[in-house]
Each structure stands twice: as structure tokens, then as C-alpha cells.
There are 2 protein chains.
Amino acid sequence: MLGQDGPDGCCPALLTAPLETDQAETLAKVFKALGDPVRLRLLSMIASRAGGEVCVCDLTPAFDLSQPTISHHLKLLKQAGLIDSERRGTWVYYRLLPEMTDRLAALLTRPAEAPLTEPAGAAS
Amino acid sequence: MLGQDGPDGCCPALLTAPLETDQAETLAKVFKALGDPVRLRLLSMIASRAGGEVCVCDLTPAFDLSQPTISHHLKLLKQAGLIDSERRGTWVYYRLLPEMTDRLAALLTRPAEAPLTEPAGAAS
DNA sequence: TTCTTGTATCGAAGAATGTCAACATAGACG
DNA sequence: CGTCTATGTTGACATTCTTCGATACAAGAA
């Protein structure tokens, strides 16, 4: 997902060209996954871990939520392509998929040639 | 909103340090505003406009939605700090607030010293 | 003033989401 | 085999969200 290139041949442009309908739906799913404080904290805890991996057993006790709820949120982050999981023995480890956050960062970065720095330039 | 600095003294770190609870809630509201395909397209249409401004009368007919619905989505984007509006005569013009998208882009950009570039680097 | 157009707000219906308790599954250990 | 622990899944409920029609507000025109 999010792999399809935009009309400019590079990336699905967000700030430089009107987003197409299907790309908007795909992108919205990723942002929706980030639109919850619990999931944001989960992602942050996973991404900021030095080794790149966090055991679920370390994530669950950090919240005042039930274990199924944490598992549900991790599933949504995984479905959004933001994280991935791997089982090693008894425990399951989650890690960040930096490709997705990189892509989002690129989407939200406006190019240097964008003339948005002077919005009041009404000298048409 | 989003103005409070993180524990590192710079920005509320997302990928480098565990997000604090209140910051997660603040951030989640912004991402939630982006988590809808209609709002993403609205933001894209506003941001990509050369003059930096778009009249609501140009936005509404681009969707198969009622005028109150578009107005509602614009309100959510505005409350999230992503856009701003100004009335000039009969029409209302919306423009991007690049500070917010810049902040989000910075949040999702991992610093160069982050050792996450080799997730499979099992060479201990 | 009245009329018309553009935009925002209100109230409600249906859909989607967050959360939990209960249960299922996977693996380790006897 | 059985048992225990760690995660994931299911079903249900309360909350929130998306959308609409109806209405209110703002501003120009007659």
C-alpha cells in the first residue's frame, strides 16, 4: 500500500497536487492508525527502542488498558504498515517499519520550490 | 497546540523517545484530522493551490457530499491547526498552515543517528 | 428594506471505533 | 500427555464519527 506513484511519477503528492480519491483512502487508513493516543504511544515506544524491537510484554503494562485492547491497537498499526511483528519462542516482538514513516514524512514535507511562503501575494 | 517541547528540549519526539500521554493525545487529534479521505483531499487541494488560498466554492463541488459536510470537515482541519480561513466579502478562503505540516514531517523524520536503518542487522 | 447566494451551525440517523470479558491459540516445561 | 504463560481473536456494548436535511448567519444586489 502507498506504493503507487503519484501523477508526478514520484510519490503520491499531498501538498503539491490534489490527492486522487483512491490514494486519499489509502493514505487515510495510515493516518487513522496514527489518530489514537494509545497507538501513537505504542508506535513511539516501538520506534524509540534502541534495538529496534519491543516485546509485547513490555508494552502492555505501560497502559491502563486490557491486554486484548493493546493487541488490537498493535494489529491496527501492523495493518497500516507502520510496524511488523515476529514471534520468537513465547514472546512476540514488534518493530518499526521505517519505510512507512519515511513516506509520511516525505508527504508532509513541502518542496523548496513551493510558493506557499507568501500566501498574501495577491498581486495576481 | 503541539507547541510544548518534548523531553529533549526541541520537539515532541515521536520516533526517538516514548511519547508522553498528554502529547500523544494532542498529536492524535491532528493525525485523526488527517485520517479521513475527504479531509486529506481537502487539505491537498488547499495546500497545492498556487496562490495559497482556495475558495470554499471551489472545494465543495469537487465532492459528492453536501455543503454542510464539507464545511464540517474544513472545521475539523481548522481545529487541528492544519488550515486557516478568512472571509473576504461573500466568499471564505482557506489556506494551509505550513507550520503544522512541517511539525508533523519533522516528527515522522527519524534523525540520522537513529540506528534503525538496519533493522535486520543481526551482526549484534 | 427584501431577495438571493455563500457558508456555518444544529439535530438526528447510521456507521465506525475503542474497550472489555471470555475464549482460542502458540509455545515452554514437566 | 497436561499445564502454565503469553498473545491473538471473538462478541458485545458504549462512544464517537460521518453524513444529511433544515435552519441560521453574512454579505452583496435590487
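Treat the numbers as computed from the prediction; the structure is a model and nothing was measured. Numbered from 1 within each chain, the chains take letters A, B, ... in sequence-line order. Just the heavy atoms: all of them, side chains too, but no hydrogens, waters or symmetry mates, feed the values below.
When rounded to the nearest whole Å, the span between CG of B/Asp58 and P of C/dG6 equals 11 Å. Summarising the geometry, the separation between NZ on B/Lys78 and P on C/dT9 is reported as 8 Å, rounded to the nearest angstrom. Straight-line distance from the CD atom of B/Gln79 to the P atom of D/dT18: 12 Å, rounded to whole Å. Atom NE2 of A/His72 and atom C1' of C/dA16 are 11 Å apart (whole Å). Whole-Å rounding puts the B/Arg88 CZ to C/dT7 P distance at 12 Å. Rounding to whole angstrom units, CD of residue A/Glu86 and C1' of C/dG27 are separated by 15 Å. Rounded to whole Å, the distance from CZ on B/Arg87 to P on C/dA8 is 7 Å. Look at CD on A/Glu25: it is 15 Å from C1' on C/dA16, rounded to the nearest Å.
Ranking C/dT7, C/dT9, D/dA6 by closeness to the B/Pro68 side chain, first place goes to C/dT9. Side-chain proximity of A/His73 to the nucleotides D/dT18, C/dT19, D/dT7 is greatest for C/dT19. Listed candidates were D/dT19, D/dC17, C/dA8. Nearest to the side chain of B/Lys32 is D/dC17. Listed nucleotides C/dC20, D/dA6, C/dA8 differ in distance to A/Trp91; the shortest reach to its side chain belongs to D/dA6. Listed nucleotides C/dC20, D/dG21, D/dC17 differ in distance to A/Thr69; the shortest reach to its side chain belongs to C/dC20. Out of C/dG6, D/dT19, C/dG18, the shortest distance to the side chain of B/Thr90 is found at C/dG6. Taking the side chain of B/Leu76 as heavy atoms from C-beta on, and the options D/dA6, D/dT18, D/dC20, the nearest nucleotide is D/dT18. In the set C/dA26, C/dT7, D/dT18, D/dT18 carries the atom at the smallest distance from any side-chain atom of B/Arg39.
In this structure, A/Ser48 OG and B/Leu15 CG are separated by 8.5 Å, a value rounded to the nearest 0.5 Å.
One N or O donor and one acceptor, one from the side chain of B/Gln67 and one from the base of C/dA8, sit under 3.5 Å apart.
Not a single donor-acceptor pair under 3.5 Å links the side chain of A/Arg49 to the backbone N or O of A/Arg95. Not a single donor-acceptor pair under 3.5 Å links the side chain of B/Thr69 to the backbone N or O of B/Leu65. Of the possible donor and acceptor atoms, one in the side chain of A/Thr101 sits under 3.5 Å from a partner among the backbone N and O of A/Pro98. Of the possible polar contacts, none joining the A/Ser85 side chain to the A/Val92 backbone as a donor-acceptor pair under 3.5 Å is found.
Distances shown here put every side-chain N or O of A/Tyr93 at or beyond 4.0 Å from the OP1 or OP2 atom of D/dT7.
Nearest-nucleotide mapping onto DNA chain C: of B/Cys57 and A/Gly35, the residue sitting toward the 5' end is B/Cys57.
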(message) salt bridge (charged side-chain N to carboxylate O under 4.0 Å, His left out), that's the test. Do B/Arg88 and B/Glu53 meet it? Break it down for me.
(response) CA-CA 12 Å; B/Arg88 283 205 302 272; B/Glu53 289 184 333; 3.0 Å; yes
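In this structure, B/Tyr94 reaches the sugar-phosphate backbone alone: every heavy-atom distance under 4.0 Å involves primed, P, OP1 or OP2 atoms, never a base. Across all strands shown, B/Leu65 has heavy atoms under 4.0 Å from sugar-phosphate atoms exclusively, and none from any base.
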